[in-house]
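A quick write-up on the structure given underneath.
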There are 2 protein chains.
Amino acid sequence: MKLDRLDARLLRLLTDHPQLPAAECARRLNVARATVASRLERLHAQGVVEGIVPKIRHEGFDYRVVAFCSVEIHQGLGHEAVAESLAASVPEILDMYTVTGGADLQLRVAAPGPSELQGVFDRISQVPGIMRTSSSIALRTHFQDRVLPLVEHAADDSAGRAPRVE
Amino acid sequence: MKLDRLDARLLRLLTDHPQLPAAECARRLNVARATVASRLERLHAQGVVEGIVPKIRHEGFDYRVVAFCSVEIHQGLGHEAVAESLAASVPEILDMYTVTGGADLQLRVAAPGPSELQGVFDRISQVPGIMRTSSSIALRTHFQDRVLPLVEHAADDSAGRAPRVE
DNA sequence: GGTGAAAGGTCATTAAG
DNA sequence: CTTAATGACCTTTCACC
């Protein structure tokens, strides 16, 4: 789905001011209220906006350390089975990807502190089917889930065809 | 801040049904309306809930491929400067961490497809101060930003102690 | 627990491509 | 002729008492 400038401005506005009323959004964007609603509905229908969800920060409840873990899986048990087993037994895993390259799975995990992190890695390693793990700790999170610049990049790309507002 | 079972149930409920009215939350959790409101206020104040934000899926606007990129930085220019330069010039970067281990920066990037991904890596490599990059493509995203199991894990851990605010 | 104010949802109409 | 934006009406929810 192609995004236009209005979509990008709306997403930026909603991200900066999460609970901003639709009426206020409309005022700031110089469009009617129903337009904001219909745009949001369209974005939702096309899968651009997954939903309006509460953003939970693990740092808030004292899981302050983030780390990455590359996992090599023992061939024969199947990636999917091991992945499900991992997901079920280690709640500290935040993200899980199957990746190309040396490793099979790429994980992002959280822990209260560096010492507890060791326990998490241990539990990961003990999951049946896992051969080897390699980890690194995040010393600093510059940003996370930064999508707005990409949204605006995509909107600018299709600016030529974009429906001209105003 | 310590979480108790009620916090966990509330967060789970709000995640499953984002825009559920406070009165309905109270009914389903068998607590008073004001309790829901005060809990939410506390969670917000303590930084557990960042806000109710629209979850934007890059797949929705045709950035379907995700990849990881480990970046080695040329010592002397400073990590921070290079990181800022990267962030400013490559909108496709979704996450950026400074990490321990062989690499200096760990990136997660998005692109419309594998071919466009090459262009993204090229632009990353051309940023001044970057020595070497090593990348891997995500073949499958099992899950992303899965915090609820961790919330419930943390709530269970402190179940024995009395729920108290720090 | 009740009441006023305000937000969201729905719809027919109108302008534009 | 199709699509999108608009303004108004109506229902529900929230905040305060």
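Model, not experiment: these values are computed from the prediction. We name chains A, B, ... by the order of the sequence lines, and we start the count at 1 in each one.
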Please give, in whole Å, the distance from [N] [atom2] to [X] [atom1]?
X	N	atom1	atom2	answer
A:D4	C:dA16	CG	C1'	15 Å
A:H44	C:dG9	NE2	P	11 Å
A:R39	D:dA4	CZ	P	8 Å
A:R9	D:dA5	CZ	P	12 Å
A:L40	D:dA4	CG	C1'	15 Å
A:K2	D:dT3	NZ	P	20 Å
A:L29	D:dA5	CG	C1'	14 Å

Under the ring pair (Phe, Tyr, Trp, His ring centres under 6.0 Å) test, which residues partner B:F121, sequence neighbours left out?
none
With rounding to the nearest 0.5 angstrom, report the CG to CG distance, A:L107 to A:L86.
6.0 Å
Working to the nearest 0.5 Å, report the span between CG of B:L77 and OG of B:S85.
9.5 Å
Residues A:D145 and B:K55 bridged, charged N to O under 4.0 Å:
no
Ring centre gap for A:F68 and B:F68 strictly below 6.0 Å
no
Which nucleotides of nucleotides 7-15 of chain D have their base under 4.0 Å from a protein heavy atom (B), which only their sugar-phosphate (S), and which neither (-), written as one string 5' to 3'?
B-----SS-
Below 3.5 Å, can you tabulate the donor-acceptor pairs from side chains in residues 98-106 of chain B to any protein atom, sequence neighbours excluded?
unit_1: B:T98; atom_1: OG1; unit_2: A:H142; atom_2: NE2; d: 2.6
unit_1: B:T100; atom_1: OG1; unit_2: A:I137; atom_2: N; d: 2.9
unit_1: B:D104; atom_1: OD2; unit_2: B:I73; atom_2: N; d: 2.6

